[in-house]
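Written below as structure tokens is the structure these notes are about.
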Amino acid sequence: MPPRLLLSELTREEVRALAPEALVVLPTAAIEQHGPHLPIQTDAAICEAIARRAAELASAEIRVLVAPTVCYGSSHHHRPYPGVLSLRSDTFLAVLRDLCESLILSGFTRIVLLNGHGGNDAAIRQVALDVATQHPVAIAAASYWTIARPALLPGDAGSAARAPGGPAGGGRTAGLHPAAPSSPRPRRLHR
Ligand SMILES: [Zn+2]
């Protein structure tokens, strides 16, 4: 039977037993507009799916748990559009620091912040630096496209258009609808 991967499905005692040996992944995303054709949960849905699939693959070698996604992110640059539920940057930083400390208090010593929204990128890396200097834990932070880019781009002339880019670009449309052709890229905004 494959190991259970979702932290939220474990009991208190199961978390206590697994935390010292497990690597915990905390997905971070956003609820924001993604053009006229994608839902506002796009970043959160894609990031959570990537975290779960990566954990499935990695669990053949190491014990991995995926924490509930931090679905709200720092999206103030999207706020002129409807459907944007954004945390100001200092709030987002404070939320991430509190969640990392909560994971540490639960016994975890290996933490990965896996990000799916460009506006969060600087914050996750700052939090990882801060946590690493304040606690005896191993912590890493990266956006999924940074990790995936070398595997996505070489040797495929068409892949650049499908690599993660703008909030409603081909990469996001393909992520939510794998069978859909690359859509024309609407007006480019930040991720
Ligand atoms: Zn985004």
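Numbering of residues begins at 1 and proceeds along the displayed sequence. Counting starts at 1 for both ligands and their atoms, following the listed order.
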Tell me which N, O or S atom of Glu32 sits nearest to the Zn ion (ligand 1).
-> OE2
State plainly whether the residues Arg52 and Glu48 are in salt-bridge range, i.e. N to O under 4.0 Å.
-> yes
Does any N or O in the side chain of Arg110 come within less than 3.5 Å of the main-chain N or O of Glu21, such that one atom is a donor and the other an acceptor?
-> yes
Which single N/O/S atom of Asp43 lies at minimum distance from the Zn ion (ligand 1)?
-> OD2
Could you check whether the rings of His78 and His117 sit parallel, tilted or perpendicular, using 30° and 60° as the cut-offs?
-> tilted
Minimum-distance atom from the Zn ion (ligand 1) among N, O or S atoms of His117 | ND1
Modelled atom types, side-chain donor and acceptor of Gln126 and Asp130, under 3.5 Å | yes
